[in-house]
Amino acid sequence: MPGQDLGVDEQFYREYILDHYKNPRNFGHIEHPTYTHEEDNPLCGDVVGIDLLVKDGVVDDIKFHGRGCAISQASASLLTERIKGMSLDEARTIGKEDVLSELGIDISPARIKCALLSLKVLKAGAWGLGEWPGEEEG
Amino acid sequence: MPGQDLGVDEQFYREYILDHYKNPRNFGHIEHPTYTHEEDNPLCGDVVGIDLLVKDGVVDDIKFHGRGCAISQASASLLTERIKGMSLDEARTIGKEDVLSELGIDISPARIKCALLSLKVLKAGAWGLGEWPGEEEG
Amino acid sequence: MATFTSTSRQPFNAEHVRKDFPFFETGVAYLDSANTSQRPRHVLYAMDEYFEQFNSNVHRAAYHVSEVATERYEGTREAVRRFINAHSAKEVINTRGTTEGINLVAYSWGQKNIKAGDLIVLTILEHHSNIVPWQILAAKTGARLEWVDVDEQGELRLEQYHALLEQKPKLVTLSQISNAIGTINPAKQMVHDAKRAGATVLVDGAQGAPHQGVDVRDLGCDFYAFSGHKMLGPTGAGILWGRRELLEAMDPFMAGGDMIKAVRQEGTTYADLPLKFEAGTQAVAEVIGLGAAIEYLEGLGMENITRHEREITEYAMEALSELPGLRIFGPPVERRAGVVSFEVEGIHPHDLSTIVDRHGVALRAGHHCAMPLMIRLDVPATSRASFYVYTIKDDVDRLVEAVADAQRIFA
Amino acid sequence: MATFTSTSRQPFNAEHVRKDFPFFETGVAYLDSANTSQRPRHVLYAMDEYFEQFNSNVHRAAYHVSEVATERYEGTREAVRRFINAHSAKEVINTRGTTEGINLVAYSWGQKNIKAGDLIVLTILEHHSNIVPWQILAAKTGARLEWVDVDEQGELRLEQYHALLEQKPKLVTLSQISNAIGTINPAKQMVHDAKRAGATVLVDGAQGAPHQGVDVRDLGCDFYAFSGHKMLGPTGAGILWGRRELLEAMDPFMAGGDMIKAVRQEGTTYADLPLKFEAGTQAVAEVIGLGAAIEYLEGLGMENITRHEREITEYAMEALSELPGLRIFGPPVERRAGVVSFEVEGIHPHDLSTIVDRHGVALRAGHHCAMPLMIRLDVPATSRASFYVYTIKDDVDRLVEAVADAQRIFA
Ligand SMILES: Cc1ncc(COP(=O)(O)O)c(C=O)c1O
Ligand SMILES: Cc1ncc(COP(=O)(O)O)c(C=O)c1O
């Protein structure tokens, strides 16, 4: 039950999540991106857009923009750090679990959508996947 | 609670109700009635029609026809007996309570409509009352 | 979660099952389960648990108790999916009951797809809830209704059905089991034939789901509607299942909170399935209760339930048949669910109901929301005894005695 | 009937009231009552009593337990009539909640009465349930929607409203109280003006009925919709009240069992009010529970409830205002119901909700099903604390502490 969990907040919103929220990495736009896509989570107003520049099958540059809660923005920032320099093939294998474990915190069901929004943008947009399995959550 | 009321049925369906059911008084039609009206209770399929012959403001003759449960038919039979020979003015004062007390049994809410169908026919039909307050029951 | 009663572990035994149902402490011989069932403690506990421990709305909030509520609410959707063997829980729509489910289809699918001159085929066995929405739709659109008749045993005349299928109906709608006289329709075959004829097919599972269960993929229909309150669940919760492609192509039925993606002054985009069809606050506690009911039914085993009802039905038909002047409607026991509809010479069903009630026997009298069938059978009403997992032979014995008593009174 | 708790006899005291609500044993500071309320034992007992003692369907059967159920079910209708001071219980229609009530009007009244070019006036404060049905109706019929805006305090711009009334709208629809920011609208005056302009008027009482109560005759509207689950009643039961003449002239909404007089193959005649609008098995237990909730509210006294909420709201607004960077939306406390919607600089409402949840505080974050208002306020979402009969100052203190903690974390 809640009410007993006092003091765990610091753990929940770990330092580096707050850091990524306040100082997002790779924030901004790419002038002539190979792919660009934006999605919102209408339920809470989170927005994330991602620009990708691909060269020789490798993610040469990546930038994101958006607004919303710490989870959605930090998760986007973390994702861009991870993907930059990866081959597209490798990047395509990134899944929900990777994103969640990278956040390293216990995301409650109602917040899963926030955490996965940036991955959704990448998959649904940049990689043109029609349906996004992450929808099943939350 | 039910289950403990065994043996009261004879009381409930009193002799004379069953008698009126099996041997309805004033059953049939009047050839040139002053008023005639029929109603049914679609919920249970009870039907009662009443023909009235009025002379000098007095119910000179009354007949009913119909089919349905013992309560509806006995009640119609009892009502015709009561009204025959009455002045119309007097007959108009007959109310729900009169009909129910004449039946002399404890009518459960679900059966009230059966008991009052004949009165409804009289009021709504013969006396042209638009709305029938008895509808409020059951 | 309230721990499950041990009932499920043992071989099926209605005497034991009965102990899970607080209502039976009243001593009433309840013979109206086709109307609404009793509910086991397992279901009541599941709802109480919600009220006491995580009472809150679902989907809308990010705090813990609401997440638990949402998890349980969505847990029912998954339990229903499994129970009816649907492909995806997205195809499982919460409704108030069968009636709302059918109306949803009539409005959202019907008004879009049925045109003047189209043919809608239904059967004379249907419940009003599977008749009146189509009469209204037909009146609005100029479509035609054709009814499949029954034979003297109250079984559908399939040759007539097949003749109607040759006219290429747009919609065929039929019940799995007749609530009024208990006929088990050859639904699977009928659905198959209707699909081959190109029709969209709705099956009214109000009696099928509780008493036979269903595998919607095996059945092959496009829509399947049923009510939780007839299958040990609380009142206020039922299910419409529909094929995903059809549901996705349909407009919403009701509109409001939760069925939207985004609302703007200029216009609104709708949520994906299933929420598109769940506008406003749902019957949260009741949906959770329905999940517990399904768990409970699965614990008993649908086959055990069907077998038990068959036994009781056979017993009841034999015992009732021994009474003079008693006539039973409907098919032989092999093609009949746990419903025995009958008339007793010289006693109107309502009088009979009143008299047996005084013996503590709850027997339904009336048209059972199947007036066209009553007209076809040429009776104003029937008396109907219907059975479920908790019905025991003693209930039937008490009914037979009470009917015999009524016959003495009316002799 | 479960005996009433003694609470009602004493001067109003939320600490005592709270003891009637089993949920509070969880220790959660529940601040989301505008979403759904908690339910007192009195309500749970009323439902349990149904399940245990007279569990059966209503209206359809002639046996004793069903008669008791029917009496209780209809008893709620009479309790509602009294609670809202309607002329007749025939005007009281059972629904699942506000959303179904509004949709019923949009379908049954709207599709018959709204024509191309007609004007429908609503407000920017409305809940999606009082927006989307009209957007759909407007799209179907070619009617026009016009929105009454709010000023900087979140109060309706009445001069704009009056200008719209000069255009002779066919329908005016407005909420008594905004669920999103707590504005108490001058509903009586607005209804009066709309009626003078010749409009039919619907009032969304989802927040009004629980927190202020209503006298529909004094209010003067034509339709009034509300939800039981927001006023201590169970989920799954709500009410639409409508003026008799209007309801009588309307076609049924859903069709099926119980809403008919007679069904024939050739066509169907409908039941009189109120059953014409209650197709299929209703949420019997929940309707009975709603009756108990009304009894309980009446025992507390609506004036006491309003006064208590005002006190708590004032306390909360003061306490929250002392936090740096916290901004409260909506009007001053005199024209505000028990809702405090706010934003905290630098912390997204969802993050705030997650953090205060870890302190055991249930705080709602989101658009509160009022997206057009969020856009108007230029925020993606707000945090919202909402209060009811059982809210105590300690709940507010815990909220303030938890928000302060969040500010420390995000500093
Ligand atoms: C003002 C208002 N209108 C309508 C609704 C919809 O009520 P329900 O979800 O119970 O149908 C709500 C609550 O969510 C509300 O607060
Ligand atoms: C075969 C059948 N269809 C439809 C219904 C309607 O179900 P509900 O009243 O739960 O909507 C019933 C039960 O009344 C039924 O037995």
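Reckoned from all heavy atoms, side chains included, excluding hydrogens, waters and symmetry mates. Every value quoted in this text rests on a predicted model; they were computed, and no experiment measured them.
- In this structure, chain C has no heavy atom under 4.5 Å from any part of Ala370(D).
- Your options are Pro349(D), Ala139(D), Pro372(D), and the one with the most heavy-atom pairs under 4.5 Å with chain C is Pro372(D).
- There is no contact between Met374(C) and chain D, counting heavy-atom distances below 4.5 Å.
- For chain D, no part of Leu122(C) is nearby; none of its heavy atoms comes within less than 4.5 Å.
- Annotation: maximal heavy-atom pairing with chain D below 4.5 Å, among Lys230(C), Met254(C), Glu52(C), occurs at Met254(C).
- Ser353(D) and Tyr63(C) get closest at one heavy-atom pair: OG-N, 4.4 Å.
- When His367(D), His368(D), Glu100(D), Met259(D) are compared by the number of non-hydrogen pairs under 4.5 Å with chain C, Glu100(D) comes out ahead.
- Neither the backbone nor the side chain of Asp251(C) comes within less than 4.5 Å of any heavy atom of chain D.
- Neither the backbone nor the side chain of Phe21(C) comes within less than 4.5 Å of any heavy atom of chain D.
- The shortest heavy-atom contact between His350(D) and Ala62(C) is CD2-CB, 4.2 Å.
- Of the possible polar contacts, one joining the Thr235(C) side chain to the Ala285(D) backbone as a donor-acceptor pair under 3.5 Å is found.
- Annotation: side chain of Asn35(C) is not in contact with side chain of Ser56(D) (no heavy-atom distance under 4.5 Å).
- In this structure, chain C has no heavy atom under 4.5 Å from any part of Ser227(D).
- Side-chain atoms of Asp48(D) and Asp48(C), non-hydrogen and from C-beta on, do get closer than 4.5 Å to each other.
- Only the side chain of Gln135(C) comes within less than 4.5 Å of a heavy atom of chain D; its backbone N, CA, C and O stay farther away.
- For Ala279(C), the parts lying near chain D are the backbone and the side chain together; criterion is any non-hydrogen pair under 4.5 Å.
- Between chain D and the options Cys369(C), Pro133(C), Ala362(C), Pro22(C), the largest number of non-hydrogen pairs under 4.5 Å is found for Ala362(C).
- Partner of Gln265(D) under the side chain to side chain contact (heavy atoms under 4.5 Å, CB included) criterion, chosen from Ile124(C), Ile131(C), Ile375(C): Ile124(C).
- Taking each heavy atom of Tyr107(D) and Pro252(C) in turn, the nearest pair found is OH-O, 4.2 Å.
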| Does the pair Asn55(C) and Thr26(D) meet the rule for a side chain to side chain contact (heavy atoms under 4.5 Å, CB included), with working shown? | CA-CA 10 Å; Asn55(C) 182 118; Thr26(D) 60; over 6 Å; no
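- No donor-acceptor distance shorter than 3.5 angstrom exists from the side chain of Asn57(D) to the backbone of Thr36(C), with no hydrogens or angles considered.
- With a 4.5 Å cut-off on non-hydrogen atoms, Thr98(D) does not touch chain C at all.
- Comparing Gly97(D), Pro234(D), Gly267(D) by heavy-atom pairs within less than 4.5 Å of chain C, the highest count is held by Gly267(D).
- Nearest heavy atoms, Ser129(C) versus Gly257(D): OG-N, 3.1 Å.
- Contact annotation: the side chain of Met47(D) never approaches that of Met47(C) to less than 4.5 Å [non-hydrogen atoms, C-beta and beyond].
- For Ala61(D), the parts lying under 4.5 angstrom from a heavy atom of chain C are both the backbone and the side chain.
- Ala255(C) and Val132(D) make their closest contact through CB-CG1, 3.6 Å (heavy atoms, listed as atom of the first residue, atom of the second, distance).
- The residue among Glu25(C), Gln282(C), Arg264(C), Gln38(C) with the most heavy atom pairs within less than 4.5 Å of chain D is Gln38(C).
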| Full working for ring pair (Phe, Tyr, Trp, His ring centres under 6.0 Å) between Phe253(D) and Phe253(C) | CA-CA 11 Å; Phe253(D) 175 35; Phe253(C) 176 34; 5.6 Å; yes
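- The contact between Ser37(C) and chain D is made entirely by backbone atoms, counting heavy-atom distances below 4.5 Å.
- In this structure, the portions of Thr281(C) lying under 4.5 Å from any heavy atom of chain D include both its backbone and its side chain.
- Using a 4.5 Å cut-off between heavy atoms, Ala138(C) does not touch chain D at all.
- Between Arg96(C) and Ala283(D), the closest heavy-atom pair is CD-N, 4.2 Å.
- You'll find the side chain of Phe23(D) reaches within 4.5 Å of the side chain of Val65(C), heavy atoms only.
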